[in-house]
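Shown next, in structure tokens, is the structure this report addresses.
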Amino acid sequence: MLRVMIVDDHPIVREGLRGMLAAEPGMEVAAEAGSGDEAVALVPRVRPDVVLMDLRMPGGDGVSAIERLGPAGHRVLVLTTFEDDADIVRAVRAGAAGYLLKDASRTDLAAAIREVAAGRTVLSPSVSAKLSAARAAPAPAVLSAREAEVLALVARGLTNAEIGVRLFIGQATVKTHLLRVFGKLGVSDRTAAVMAAIEQGVLPPP
């Protein structure tokens, strides 16, 4: 008998999932929890084969719970309405064995639970595509403190001479910093550098 633990802060969702899983042969709901913290406390006593975990919950979110459960070898399948790239990456990096959206059918959910219990990874198609895109995306450029300072002043419209006066450095030094910034961001001019830095989160949006 596959033992499943449901973790969701909405009682009506837990009730619906409990009914769905009760209809599946060879599967039973071993326990329920309304938060990540509650789940972490219950799992060692309940010892479920799979923890069905929502992500955004008061009283301890799903990702923090996964981070604590994963190293102990507990299999966690995320079931959530959220498919933001950041949510997906955080959950997978935390150790989630699967990630499904709540629009999944009962058949798909049951199959995913069995796959995760067997030690395999399950991702819904849309989640898999987003995760692949996130992995393929280049890492944000890492600027030194001085380079970031120079670029921030460029974003404010200051010339090299004005930046030099502001930072007490020569214009040649300002230019050297900018050339390094251009190289790290893969651009060739000041405007493109500012735009790329904003897109990558290196600079805050104006």
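Only a predicted model underlies this, so the values are computations on that prediction, with no experimental measurement involved. Just so you know, residue 1 is the first one in the sequence shown, and it goes up from there.
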Does the pair L109 and R106 meet the rule for a side-chain contact (heavy atoms from CB on, under 4.5 Å), with working shown?
CA-CA 5 Å; L109 175 59; R106 190 186 94 183; 5.7 Å; no
What's the spacing between [X] [atom1] and [Y] [atom2] if we round to 0.5 Å?
{"X": "L55", "Y": "D8", "atom1": "CG", "atom2": "CG", "value": "10.0 Å"}
{"X": "E28", "Y": "M5", "atom1": "CD", "atom2": "CE", "value": "13.5 Å"}
{"X": "R14", "Y": "L52", "atom1": "CZ", "atom2": "CG", "value": "12.0 Å"}
{"X": "L178", "Y": "L185", "atom1": "CG", "atom2": "CG", "value": "10.5 Å"}
{"X": "L123", "Y": "L101", "atom1": "CG", "atom2": "CG", "value": "10.5 Å"}
{"X": "D103", "Y": "S124", "atom1": "CG", "atom2": "OG", "value": "7.5 Å"}

Side chains of [X] and [Y], heavy atoms from C-beta outward: is any pair under 4.5 Å?
{"X": "I169", "Y": "H177", "answer": "yes"}
{"X": "L151", "Y": "V194", "answer": "yes"}
{"X": "P11", "Y": "E15", "answer": "no"}
{"X": "D9", "Y": "S35", "answer": "no"}
{"X": "L79", "Y": "L17", "answer": "yes"}
{"X": "L153", "Y": "V174", "answer": "no"}
{"X": "D61", "Y": "R90", "answer": "yes"}
{"X": "V181", "Y": "V154", "answer": "no"}

Looking only at heavy atoms, which two atoms of [X] and [Y] are closest? And how far apart?
{"X": "A148", "Y": "L203", "answer": "O-CD2, 4.4 Å"}
{"X": "R190", "Y": "N160", "answer": "NH1-OD1, 2.5 Å"}
{"X": "P204", "Y": "I198", "answer": "O-CG1, 3.9 Å"}
{"X": "V116", "Y": "A97", "answer": "CG1-CB, 3.8 Å"}
{"X": "A112", "Y": "V122", "answer": "CB-CG1, 3.8 Å"}
{"X": "L77", "Y": "Y99", "answer": "CD1-N, 3.8 Å"}

Where the side chain of [X] meets the backbone of [Y], is there a donor-acceptor pair that is under 3.5 Å apart?
{"X": "E38", "Y": "G34", "result": "yes"}
{"X": "R68", "Y": "S64", "result": "yes"}
{"X": "R56", "Y": "T80", "result": "no"}
{"X": "R75", "Y": "R120", "result": "yes"}

[X] [atom1]: over 12 foreign heavy atoms closer than 6.0 Å:
{"X": "R47", "atom1": "CZ", "value": "no"}
{"X": "M20", "atom1": "CE", "value": "yes"}
{"X": "K102", "atom1": "NZ", "value": "yes"}

So if you build clusters from Ile, Leu, Val, Met, Phe, Trp, Tyr with side-chain heavy-atom gaps below 4.5 Å, do [X] and [Y] land together?
{"X": "I66", "Y": "L100", "value": "no"}
{"X": "M27", "Y": "V29", "value": "yes"}
{"X": "F182", "Y": "M195", "value": "no"}
{"X": "V40", "Y": "M53", "value": "yes"}
{"X": "V78", "Y": "M57", "value": "yes"}

Short N-O contact, D49 and R114, less than 4.0 angstrom:
no
